[in-house]
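Quick note: numbers below take in every heavy atom, side chains included, and nothing from hydrogens, waters or symmetry partners. Please read these numbers as outputs of a predicted model, since none were measured by experiment. Naming convention: chains lettered A, B, ... in sequence-line order (proteins, then strands); numbering from 1 in each chain.
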Amino acid sequence: MHNSTAPEFVISASNLTKKYGDFVAVDGISFDVPPGEAFGLLGPNGAGKSTTMKMIGGVSQRTGGDLTIMGLDPEQHGPEVRAHLGVVPQQDNLDEELKVRDNLLVYGRYFGLPMSYLQPKADELLEFAQLSDKGKARVDALSGGMKRRLTIARSLINDPKILLLDEPTTGLDPQARHILWDRLFRLKEAGVTLILTTHYMDEAEQLCDRLIVVDKGRIMAEGSPAALIREHSTREVLELRFGSDRNATVGAELEGIGERLETLPDRVLIYAHDGEAALEQITARGLRPITSLVRRSSLEDVFLRLTGRSLVD
Amino acid sequence: MTDHHAPSGAKIVDRHPVLGLRSPLTPAESAAKARKFGSIYYAEHWLRKLKGYGWTVVMTSVGTPLVYLFAMGVGLATLVDANSNASLDGGSAGPVSYLVFVAPALLATAAIMVASEENTYSVMDGFKWHRTYYGPNASPLSSAQLVNGHVVGVSVRLLMTTGIYFLFLLLFGAVQEGTGWIMIFSAALAGLAFGLPLMAYAASIVEDKGQFAMVQRFVVMPLFLFSGTFFPLDAMPLAVRWIGWISPLWHSTELGRIVSYGYSEPGVLTVVHVLYLLLLCAVGLYFARRNYVRRLGK
């Protein structure tokens, strides 16, 4: 930065609040993001993640608290803040009447960038997004995954230091998600600060150095994925299915096994340091689950523990 | 395309192994340029889009005048000119043919048709259908700049339409005076005077319940028929003459008649025509900006 006093944090939110009438979408959240970090907001739909992203992106004004991006208040320095950012919105908003490559060019012009830079940059980004052979195609001829990759390419046209990604892989098939993750990981390695919202725990675990778990506009927990799991869950989880009519009633018979028990409509979760040992105890009690599975704890378990609800309904 | 604002002789040599070409501008420089030229940047986008359906634009610009001028000039005009003993006021030029009389109205109508198309569905598309406004909204551009850019784009299309139409008017002998070319602009002004308030209205619509079809039926059509288009407004009963007085079409048509065949009216009325059209533009622009800012959150 040409700024002599480079801010310690690229994003700094303190008691950030957004109300729509009586409804509180974001309820006084605070966090700081240092440069180069991949920072995640994990939470179910309606948790206030997208609203937070809009405030960071300077397209929604906060109703309380403080917020700075690169030391600038997005309300007073909207264009300056947005010039720092690359934004991947939850819903693609590409111009379907323009060709693929033209979408990149017109977007670059919004940043005052000259065509002498934009022409080669657009080709480069098409390659990065694996869309080189689609440059002259119409946008509506692209698949969902291709549109998403084009949206990410578009967000990079101004060579941003900060990338805002709102649910970047929602609605994509597994293969398309992995391609996207690979691209995002490379950007992170190159020092780009990633801010992403997701309700996929695997996405958060793959990409985020640190994350906040958000529910009903509030921060429930904060830390690295591994630390959050260590803190709020056991090492392993034993998943048992006794059939939908039995899952609810079998709880009493499982008493004392593992550290904690969670009964869901379709299965019973036993949190234990050693899942296999817990399973042996169960069979020793003469219980015969239809299926059993031992796995490592995930952020899904952290969320369940903190809110009593699943991430994906 | 070249960029006149780039520092002369600046060469981009900076390249990162992963991030590729580095931006020649700092974010602060980008923001400064966007603050200054953002409206033009959005107009560029708009016109690039227009190029995408260029063939449709040319076809409507050429086809519409051909159809109307044949219908009016060869069809209706023959009938009117043969049967009318009340000569149409041709000002200093004396009585004029029906085609000459109706030409300024047809020209302004074409502009209003284009404007009502570009300021309804394309606005809805930006906010709702393809959400194309939300892309630029996340860039350094302001909401007001999106409005300005859109208006510049529409103005270019309007001038293309009225310009081509005017050539056809000349071809059909529908213009008598050398000042007739001014109609290209007075007609385009009618398009904006009608289009800008419509743009503001379109930006306020959240759910599409067929409002635009209603506008077409109950606003555009009556204006087309009752604005002194096919016969002088004075021929209408007083009870419906007000439709013409509030209609941008009538004001623009009267201006067109003055420059096209020397139609005479009190000078103060001419000033009123121009001011009224400008007023509609200003009011429309004000509310369009207000609604865009509300909707886009900044």
J.: Non-hydrogen atoms of chain B under 4.5 Å away: do they reach the side chain of A/Phe111, the backbone, both or neither?
T.: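 Its backbone and side chain both get close to chain B.
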J.: Using modelled atom types only, decide if a donor and an acceptor are shared between the side chain of A/Tyr117 and the backbone of B/Pro24 within a distance under 3.5 Å.
T.: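 Looks like no, no N/O pair under 3.5 Å.
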J.: Which pair of non-hydrogen atoms, one from B/Ser23 and one from A/Asp159, has the smallest distance, and what is that distance?
T.: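 Shortest heavy-atom contact: N-OD2, 3.0 Å.
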J.: Which bit of A/Glu80 is near chain B, if near means a heavy-atom gap under 4.5 Å: side chain, backbone, both or neither?
T.: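 For A/Glu80, the contact with chain B is made by backbone and side chain together.
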J.: Is A/Leu156 close to chain B through its backbone or its side chain, or both, or neither, when contacts mean heavy atoms under 4.5 Å?
T.: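 The answer is neither part of A/Leu156.
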J.: Please flag which part of A/Val192 lies under 4.5 Å from any non-hydrogen atom of chain B: side chain, backbone, both or neither.
T.: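 When you check distances to chain B, only side chain atoms of A/Val192 fall under 4.5 Å.
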J.: Is B/Tyr133 close to chain A through its backbone or its side chain, or both, or neither, when contacts mean heavy atoms under 4.5 Å?
T.: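 B/Tyr133 has no heavy atom closer than 4.5 Å to chain A.
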J.: Looking at A/Pro79 and B/Arg35, what are the two nearest heavy atoms and their distance?
T.: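 Shortest heavy-atom contact: CD-NH2, 3.6 Å.
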J.: Could you check whether B/His45 and A/Tyr110, counting side-chain N and O atoms only, form a donor-acceptor pair closer than 3.5 Å?
T.: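 There is such a pair (donor and acceptor under 3.5 Å, judged by atom type) between the side chains of A/Tyr110 and B/His45.
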J.: If you count the non-hydrogen atoms of other residues, nucleotides and ligands that lie under 6.0 Å from CZ in B/Phe168, is the total more than 12?
T.: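 Buried by this count: over 12 neighbours within 6.0 Å.
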J.: What closest approach, in Å, do A/Asp102 and B/Arg48 show between heavy atoms, and which atom pair accounts for it?
T.: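 What the structure gives for the nearest pair is OD1-NH1, 3.5 Å.
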J.: With side-chain contact (heavy atoms from CB on, under 4.5 Å) as the criterion, how do A/Asp95 and B/Thr132 come out once you've worked through the C-alpha distance, each side chain's angles and the decisive distance to 0.1 Å?
T.: CA-CA 6 Å; A/Asp95 194 323; B/Thr132 45; 4.1 Å; yes
J.: Identify which of A/His77, A/Glu75, A/Glu124 forms the greatest number of heavy-atom pairs closer than 4.5 Å to chain B.
T.: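 Max contact count across the listed options: A/Glu124.
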J.: Would you give the length of the straight line joining atom OH of B/Tyr134 to atom CG of A/Leu94, rounded to the nearest 0.5 angstrom?
T.: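 Here the interatomic distance stands at 15.5 Å.
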J.: Would you give the length of the straight line joining atom NE2 of B/His130 to atom CG of A/Asp140, rounded to the nearest 0.5 angstrom?
T.: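 B/His130 atom NE2 to A/Asp140 atom CG measures 7.0 Å (nearest 0.5 Å).
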J.: Please classify the contact between B/Leu296 and chain A as side chain, backbone, both or neither, with a heavy-atom cut-off of under 4.5 Å.
T.: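 The answer is the backbone of B/Leu296.
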J.: For residues A/Gly112 and B/Lys33, report the shortest heavy-atom separation together with the two atoms involved.
T.: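 Looking at all heavy atoms of both residues, the shortest contact is O-NZ, 3.2 Å.
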J.: Checking A/Asn158 against chain B: side chain, backbone, both or neither under 4.5 Å from a heavy atom?
T.: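 Just the backbone, heavy atoms under 4.5 Å.
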J.: Looking only at atom types and distance, does a side-chain atom of B/Glu44 sit under 3.5 Å from a main-chain N or O of A/Arg109, one as donor and one as acceptor?
T.: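 It does not hold such a pair.
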J.: Sort A/Val59 into side chain, backbone, both or neither according to what part of it lies under 4.5 angstrom from a heavy atom of chain B.
T.: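 Interface part for A/Val59: both.
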J.: Heavy-atom pairs under 4.5 Å with chain A - which of B/Pro140, B/Ala32, B/Ala31 has more of them than the others?
T.: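 With the most close heavy-atom pairs to chain A, the winner is B/Pro140.
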J.: As an exercise: rank A/Arg186, A/Gln61, A/Arg138, A/Gln91 by heavy-atom pairs under 4.5 Å with chain B and give me the winner.
T.: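 So the answer, after comparing A/Arg186, A/Gln61, A/Arg138, A/Gln91, is A/Gln91.
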J.: Heavy-atom distance under 4.5 Å to chain B: side chain of A/Arg154, backbone, both or neither?
T.: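 Just its side chain gets close to chain B.
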J.: Taking it one step at a time, do B/Lys49 and A/Glu96 satisfy salt bridge (Lys or Arg N to Asp or Glu O under 4.0 Å)?
T.: CA-CA 10 Å; B/Lys49 248 165 109 134; A/Glu96 308 231 348; over 6 Å; no
J.: Which pair of non-hydrogen atoms, one from B/Tyr53 and one from A/Glu97, has the smallest distance, and what is that distance?
T.: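 For B/Tyr53 and A/Glu97, the tightest heavy-atom pair comes out as CE2-OE1, 3.6 Å.
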J.: Please indicate whether A/Lys121 has more than 12 foreign heavy atoms, meaning atoms of other residues, nucleotides or ligands, lying under 6.0 Å from its NZ.
T.: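 Above 12, so yes.
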